[in-house]
Amino acid sequence: MAEYNNKPDNEGTVKKANFIHTQITEDLKAGKNEKRVHTRFPPEPNGYLHIGHAKSICLNFGIAEKFGGKTNLRFDDTNPSKEETEYVESIKEDVRWLGFDWEDRLYFASDYFEKLHDFAIKLIKDGKAYVDDQDAETISNQKGTPTRPGFESPCRTRSVEENLDLFARMTNGEFDEGSCVLRAKIDMASPNMHMRDPIIYRIMKAHHHRTGDKWCVYPMYDFAHGQSDYWEGITHSICTLEFEVHRPLYDWFIDQLQETDYRPRQIEFARLNLNYTVMSKRKLLELVKDKHVNGWDDPRMPTISGLRRRGYTPESIRNFSDRIGVTKVDGVIDVTLLEHSVKEHLNRTAQRVMGVINPLKVVITNYPENQSEELDAVNNPEDASMGSRKVPFSKELYIERDDFMEDPPRKFFRLGPGREVRLRYAYFVTCNDVIKDANGNITELHCTYDPASKGGNSPDGRKVKATLHWVSAKHAIKSEVRMYDRLFRDENPDGHKDRDFKEFLNPDSLKLLNDCYLEPFVQGAKTLDHFQFERLGYFNVDPDSTDEKPVFNRTVQLRDSWAKQQNKKQ
RNA sequence: UGACCUGUGGUGUAACUGGCAACACGUCUGACUCUGGAUCAGAAGAGUGCAGGUUCGAGCCCUGCCAGGUCAACCA
């Protein structure tokens, strides 16, 4: 089991105790629930999981890990009109990929439809539930408003027998959708809207992804969730802040159920907000449906599948979750913190490779025509155990266009006419000629190399100010590279009144580069393999890759002090 | 005009039953370097929403304000 409590874990980070941990510790101290800790992650299968869910997953499974308890995966599938099997599968995959295991405890709220139905009948018999056949608008009006109490429905006094009969007929499908509902009889004058005789069953003649056409009535969230917790023996039911006002109702149902000392407890925390993106499933679905992105796993999406495809690692997402903490304050996390988390992980683990994304041809004029040689290159300077590899060198090379300036400013350390730089792991080269086409565009550079500097150092101790990455033209693997930027230009795209969040989509969030050259080492890399393209950033293999055309996604760029200086000037 | 919740450096979190506000990211210096990466060293930056009160002493306790959020789906 991992050690928490402010001790560094094996990834070198510190996992802090949060307020939920504190409360659980107190419950344990008080001897509640026979000192068991059992949590659950309860997604509704109506969309793909996103980074906000990852926070919840890490929290719930993390608690089980910390307290020696268990975590169930439970699908909250009480609304057949929105839920699909596709989502169930993607969610399972994402939770597993994040590194968590629900073992044999995979449940569905729909597992409890029978029990829930029985429980509803019990409430009717106890005089605590009734069928209301007024229309939705009438019921809604009777509910009052947050500042004004509601008043009682005329159906509230129906006899137990009549309620039983009506509910049975609802269940049998004798009534149309919307014609009546089952309500709990609580308190229409409660200051808490959720206690004003909440609807607990509605008629829906929809096909359910698991129970098929068996049911014509489906329980509402409030009537299913706490009960599911109870039947599964959950001790701590952790959910987001908006359910805070539901807690009295959660407790009310548990009161009706409770037979022993065992009792689940709902605790709320603030959901994750990230800037420059949207997090609601509805909006993410809209982006997918309207093709603003290429599916739920588009690398620009904040979905777990999107982040995975983008090149994020489970470790980095778990670390991110630990770093942001858990509180009841709802704030906004800077995406750069997420980015920092991957960079930190990938820096330690990613294979280094050279790749030129915006090629500029370089001819080494004093290098023999048909010669080539292999030079040693370190695979990861952070991890000697990753060893080294050979990189081919020859007369014609590509370097990055940005690494050359015809009229360089003083602070620009890279290549310019007459300047000498180092080609990483290779030689010192000096630029002698700049070749241009008829329009004045630079088409290639003529350089000479210093044979004595083989490997990257000159025996005379000469220093150069820059080291460039490069690729041998005839050995290079041509590939496509997809450069991603934030999906939205605005920090808080859905925070504008009267303006649709889609107005803030970043038109430059995806740039396809088709003329990229990578060193042969990447040949045969598998989907999702990570690399650092030296000096550029971290990249991974996209599933769209083929043998003929490898495709790489840029996960994040490396810190770029030069670019930063330039930005400051503007 | 209700109920519930929240309010600590730019951002996110911390501060055991009250004891001179800590950490991370970011920012800025400098060192080192065959990645202008990474790393290392250092600096700036809040006096804890506001006003009172209790106390030798309050971010932590009390009172009153202010600000923000949530709640009126037969969604979850």
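Here is how names work: the chains are called A, B, and so on, in the same order as the sequence lines, proteins then strands, and each is numbered from 1. Values in this document were obtained by computation on a predicted structure and should not be read as measured data.
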Torsion-based syn/anti label for B:G47, 90° from 0 as limit: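 Base orientation relative to the sugar is syn.
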Ring centres under 6.0 angstrom apart (A:F75, A:F108):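 Aromatic pair counts; centres sit under 6.0 Å.
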Between [atom2] on [N] and [atom1] on [X], what's the gap in Å once rounded to a whole number?
X      : N     : atom1 : atom2 : result
A:L536 : B:U35 : CG    : P     : 14 Å
A:K465 : B:U33 : NZ    : P     : 15 Å
A:W562 : B:U35 : CH2   : P     : 18 Å
A:Q565 : B:C28 : CD    : P     : 10 Å
A:D229 : B:A76 : CG    : C1'   : 14 Å

Answer yes or no: is there an ion pair linking [X] with [Y], defined by an N-O contact shorter than 4.0 Å?
X      : Y      : answer
A:D187 : A:R196 : no
A:D494 : A:R282 : no
A:R535 : A:E400 : no
A:R210 : A:D111 : yes

A:Y517 vs A:M354, side-chain contact (heavy atoms from CB on, under 4.5 Å): CA-CA, chis, key distance, verdict: CA-CA 9 Å; A:Y517 297 90; A:M354 292 193 283; over 6 Å; no
Pairing check on [N]: which nucleotide meets the Watson-Crick or G-U wobble criteria with it, both distances under 3.5 Å?
N     : answer
B:C74 : none
B:C61 : B:G53
B:C23 : B:G12
B:A41 : B:U29

Side chains of [X] and [Y], donor plus acceptor under 3.5 Å:
X      : Y      : answer
A:D135 : A:T138 : yes
A:Q532 : A:E534 : no
A:H469 : A:R352 : no
A:H209 : A:D77  : yes
A:R486 : A:T277 : no
A:R424 : A:T467 : no

At a cut-off of 3.5 Å, list every protein nitrogen or oxygen paired with a nitrogen or oxygen from nucleotides 8-13 of chain B, distance to 0.1 Å.
{"from": "B:U11", "atom 1": "O3'", "to": "A:V332", "atom 2": "O", "distance (Å)": "3.4"}
{"from": "B:U11", "atom 1": "O2'", "to": "A:V332", "atom 2": "O", "distance (Å)": "3.3"}
{"from": "B:G12", "atom 1": "OP1", "to": "A:V332", "atom 2": "N", "distance (Å)": "3.4"}
{"from": "B:G12", "atom 1": "O2'", "to": "A:I324", "atom 2": "O", "distance (Å)": "2.9"}
{"from": "B:U13", "atom 1": "OP1", "to": "A:T327", "atom 2": "OG1", "distance (Å)": "2.9"}
{"from": "B:U13", "atom 1": "O2'", "to": "A:K16", "atom 2": "NZ", "distance (Å)": "2.8"}

Under 4.0 angstrom, heavy atoms only, what part of the nucleic acid is [X] near: base, sugar-phosphate, or nothing?
X      : value
A:R559 : sugar-phosphate
A:T147 : base
A:M220 : sugar-phosphate

Distance-only donor-acceptor test, A:Q532 side-chain atoms vs B:U35 base atoms, 3.5 Å: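 Yes, the side chain and the base share a sub-3.5 Å donor-acceptor pair.
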B:G36 base / A:Q566 side chain donor-acceptor hit below 3.5 Å: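 Flag unset: no donor-acceptor pair detected.
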B:C25 to B:U39 separation - P atoms, rounded to the nearest Å: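 Here B:C25 and B:U39 have their P atoms 9 Å from each other.
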Given RNA chain B, 5'-ward residue of the pair A:L423 and A:A136, judged by closest heavy atom: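 Taking each residue's closest nucleotide, the earlier one in sequence belongs to A:L423.
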A:S179 vs A:E244, nearer the 5' end of RNA chain B by closest nucleotide: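 Between the two, 5'-proximity favours A:E244.
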Phosphate contact (B:U27 OP1 or OP2) by A:K564 side-chain N/O below 4.0 Å: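 Yes, A:K564 has a side-chain N/O under 4.0 Å of OP1/OP2 on B:U27.
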Distance test, side-chain N/O of A:T78 to OP1/OP2 of B:A76, below 4.0 Å: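 It does, given that an N or O in the side chain of A:T78 lies less than 4.0 Å from OP1 or OP2 of B:A76.
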Candidate list A:F119, A:Y201, A:F223, A:Y218, test ring-ring contact (aromatic ring centres under 6.0 Å, His included), partner A:F113, passing option: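 The passing option is A:Y218.
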Nearest-neighbour nucleotide for the A:R535 side chain, B:G37, B:G36, B:A73 considered: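 Closest of the options to the side chain of A:R535: B:G36.
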Selected nucleotide, minimal atom distance to A:E382 side chain, candidates B:C25, B:G37, B:U35: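 Comparing B:C25, B:G37, B:U35 against the side chain of A:E382, the answer is B:G37.
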Polar pairs (N or O, both sides) under 3.5 Å between protein and nucleotides 30-32 of chain B?
none

For RNA chain B, the residues among residues 187-199 of chain A that have a non-hydrogen atom under 4.0 Å from it: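 RNA chain B contact set from residues 187-199 of chain A: A:P191, A:M193, A:H194, A:I199.
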